[in-house]
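What's counted below: heavy atoms across the whole structure, side chains too, no hydrogens, waters or symmetry copies. We name chains A, B, ... by the order of the sequence lines, and we start the count at 1 in each one.
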Amino acid sequence: MKQFSFPKEKRLVNNRQFKAVLARGRRLSNGLLTLYMAENDCGYPRLGVSVSKSCGNAVVRNRLKRLLREAFRQSQDSIPAGFDYLLMVSPQWLKKSRTGKAARLPTFEQVKGSFLALVQELTRRDASQRE
RNA sequence: AGAGUGGGUCGGGCGACCGCUGGUCCGCCAGAAGUGGGCUGGAGGAAAGUCCGAGCAGGACAGGGCACGGUGGUGGCUAACGGCCACCCGGGGCGACCCGCGGGAAAGUGCCACAGAAAAUACACAGCCGAUGAUUUCGGCUUGCCGGAACACAGGCAACGGUGAAAUGGUGCGGUAAGAGCGCACCGCGGCGCCGGUGACGGCGCCGGCAGGGCAAACCCCACCGCCUGCAAGACCAAGUAGCUGGCUACUCGGCCCGAGUGUGAGUCCGCCGUCCUUUUGGCGGACUCUGCCAGCGGGUAGGUCGCUUCACGCACAUAUUAGGGCAUAAGCCCAAACUCAAUAGGUGCGGGAGAGCCGACUGGCAACAGUUGGUCAAGAUAAAUGGUCGCCGUCCGCCGUUACCGGCGGAAUACAGAACUCGGCUUACGGACCCGCUCUUUUU
RNA sequence: GGGGACGUGGUGUAACGGGAGCACACCGCGGUCGCAUCGCGGGAAUGAGGGUUCGAUUCCCUUCGUCUCCA
């Protein structure tokens, strides 16, 4: 299997899957992102992305979703498999980083770093809870 | 050179690595699924707002009218439009040029706050005059006349009236007791005639002393246009809930959905026969289809396929199906062997058609545009692709050196902004770059 | 994607084309030993731009925002 591919099977694709993750998943958030994690039975990680309208116009929302997808794509081998991941962007972070008229968007490094940190923290909590 | 004005074009580029999505081909595999790879298409001038106009789809529908909505100078262009072009009128600017929902106010209704004498009716009110006729009084005297004054009774007048957005033509001269289009000159206004223009309208001449306020983005009138809803339209498949009412309509069986059977009826087609022939009509026989339909109300599902992304046609090549099979619950998508006559289907190549496409040239036209001809081109996702990171160049900003040019460092989702059935417009947003035309001012020749 | 409705002080709402009001909230003063109730006074808005009109919250156009509906 190829290293960093991201076909449609690795995404959450309909409303039922999203609702399942929101209902069963554990949630954690830092200032920028909110992550929901829930186990699945596929044997590989899957990603869902939700960016609300209050984050900006269509260009901004597209950019944010691409950044999130890219972060997942590059790090999908270093996170636990068999989980569904649902990522959201908080509009408060964008408002806070407002410089002048337009909100400064986060860089790719920021997004990837905070995604990995959230995954790590949630997995650590999960392990300690089982003990 | 400076200031300004109108129009058009572009709206970052190159490379590396890693990805996403449509199409197509190849390898592994018996084949598909799966998987790996090759080639190729993959955001905009506004994709935006959804303000108009169409195509397309569903519903309704004889025709006409009413109601409702829209448009509004004139002529043209366009598939159509509230769009575009040219012209007219009004306003602004020295000018190039810009702006204007720019029909009707003697068809009717309504409104015009406050202020003001008065707000649509032409007069009252305040005011002016005292010529003319009275009254009172003073002076002169020729004793009933002249001159003056007062009063504002009769009478005359519409200029003048802290206002107001708007006040019954304006300015000047004459005129008068005071005045007044009362008279005259110019301007404005109205009517008539002639000329020019397709027309909106313009020009000239004559006549009339002046008819008459504003608002129709108030109701309204006139002319013209318009059925309603929108791709979440609509068609189909799967899963699934719960039916009810009304109208027309054969029966039997099974408890219903639904299915089966029988016969009748209806429709279509074919053959035969009769009336002299044709049209027509009737009868007989055979084959096929239907056996429930329509309208209204209510309930359930939110999964998928098509619509959906340019393709009629011809030729050539290889292929598939009609005849096997795979994936999928199904719609649908796809594959292989043998046969190759035909039909059908898609593919590739060549030709070529269509596009209310785009660009260039020519012809016609002031122009919008039309015709001819040549070239060019093709995104189709559906928790929703068209990207991420890095390097170099370009652009912009800041700092420093440098006063020009330039160099260094740092920064910048590098302006606005992301297709969702498809076109034609309009409107709005936009850092900047380039091109063309024109106007004014200054300087030089 | 496509329809529809609506924007008035901090909040909820009125207003035939002519003075932008009401209630709650807020601030100040009085009152009370203090607080509340109460009385008096005050500040604070027509989403933005343009047009029609003598004059727009109201009528028209553009724009921004909010809510809602659909197979």
With a 3.5 Å cut-off and sequence neighbours excluded, list the donor-acceptor pairs that the side chains of residues 110-121 of chain A form with protein atoms.
{"unit_1": "A:Q110", "atom_1": "OE1", "unit_2": "A:T107", "atom_2": "N", "d": "3.0"}
{"unit_1": "A:Q110", "atom_1": "OE1", "unit_2": "A:T107", "atom_2": "OG1", "d": "3.3"}
{"unit_1": "A:K112", "atom_1": "NZ", "unit_2": "A:Q74", "atom_2": "OE1", "d": "3.1"}
{"unit_1": "A:S114", "atom_1": "OG", "unit_2": "A:Q110", "atom_2": "O", "d": "3.3"}
{"unit_1": "A:S114", "atom_1": "OG", "unit_2": "A:V111", "atom_2": "O", "d": "3.2"}
{"unit_1": "A:E121", "atom_1": "OE2", "unit_2": "A:R124", "atom_2": "NH2", "d": "3.0"}
{"unit_1": "A:E121", "atom_1": "OE2", "unit_2": "A:R125", "atom_2": "NE", "d": "3.2"}

Under 3.5 Å, which N/O atoms of the protein pair with N/O atoms of nucleotides 384-390 of chain B?
{"unit_1": "B:U386", "atom_1": "OP2", "unit_2": "A:R66", "atom_2": "NE", "d": "3.0"}
{"unit_1": "B:U386", "atom_1": "OP2", "unit_2": "A:R66", "atom_2": "NH2", "d": "3.1"}
{"unit_1": "B:G388", "atom_1": "OP1", "unit_2": "A:R63", "atom_2": "NH1", "d": "2.6"}
{"unit_1": "B:U389", "atom_1": "OP1", "unit_2": "A:R63", "atom_2": "NH2", "d": "3.3"}

*According to the Watson-Crick and G-U wobble definitions, with both distances under 3.5 Å, which nucleotide is paired to B:C256?*
none
*P atoms of B:G199 and B:C84, separation to the nearest Å*: 27 Å
*A:S52: partners by side chain to side chain donor-acceptor pair (under 3.5 Å), with sequence neighbours left out*: A:S54
*Take atom C1' in B:C182 and the same atom in B:C206, then report the distance between them in whole Å.*
24 Å
*Glycosidic conformation of B:G45, syn or anti, with 90° from 0 as the boundary?*
syn
*Could you pull out all residues at least two apart from A:Y36 that satisfy ring pair (Phe, Tyr, Trp, His ring centres under 6.0 Å)?*
none
*Whether A:Q76 side chain and A:R73 backbone form a donor-acceptor pair below 3.5 Å*: yes
*Can you tell me how far C1' in B:G82 sits from the matching atom in B:A54, rounded to whole Å?*
14 Å
*asked:* Give me the distance, rounded to whole Å, that separates B:G92 from B:G2 when you measure between the P atoms they each carry.
replied: 33 Å
*asked:* If I pick the C1' atom on B:G357 and the same atom on B:U309, what distance separates them, to the nearest angstrom?
replied: 15 Å
_Contact nearer the 5' end of RNA chain B, comparing A:L86 with A:V60_ = A:L86
*Can you give one letter per nucleotide of nucleotides 62-69 of chain C, going 5' to 3': B for a protein heavy atom under 4.0 Å from the base, S for sugar-phosphate only, - for none?*
--------
*asked:* Hydrophobic cluster membership, with links at side-chain heavy-atom distances under 4.5 Å among I/L/V/M/F/W/Y: are A:I79 and A:L47 in one?
replied: yes
*asked:* With rounding to the closest Å, how many angstrom separate the C1' atoms on B:G45 and B:G424?
replied: 16 Å
*What residue pairs, at least two apart or across chains, pass ring pair (Phe, Tyr, Trp, His ring centres under 6.0 Å) with a residue in residues 55-79 of chain A?*
A:F6-A:F72
_Both distances below 3.5 Å, Watson-Crick or wobble geometry, any strand: find the nucleotide opposite B:G139._
B:C146
*Ignoring hydrogens and geometry, is there a side-chain-to-backbone donor-acceptor pair from A:R24 to A:E39 under 3.5 Å?*
yes
*How close or far is atom P of B:A415 from atom CG of A:N57, stated in whole angstroms?*
12 Å
*Pairs flagged by salt bridge (charged side-chain N to carboxylate O under 4.0 Å, His left out) wherever residues 55-67 of chain A is involved - sequence neighbours left out*: none
*What interatomic distance, in whole Å, is found between P of B:C20 and the corresponding atom of B:A384?*
13 Å
_Nearest-0.5 Å distance that lies between atom CZ in A:R26 and atom CG in A:D126_ = 4.0 Å
*Under 3.5 Å for both distances, Watson-Crick or G-U wobble, that's the pair rule; now give the dot-bracket for RNA chain C, with | marking pairs to another strand and [ ] for crossing ones.*
(((((((..((((....[..)))).(((((.......)))))....(((((..]....)))))))))))).
*asked:* Among residues at least two apart in sequence or on other chains, which ones pass salt bridge (charged side-chain N to carboxylate O under 4.0 Å, His left out) with A:R46?
replied: A:D84
*asked:* Would a single hydrophobic cluster contain both A:V49 and A:F18, if residues Ile, Leu, Val, Met, Phe, Trp and Tyr are joined by side-chain heavy-atom contacts under 4.5 Å?
replied: no
*Can you tell me how far P in B:C51 sits from the matching atom in B:U229, rounded to whole Å?*
13 Å
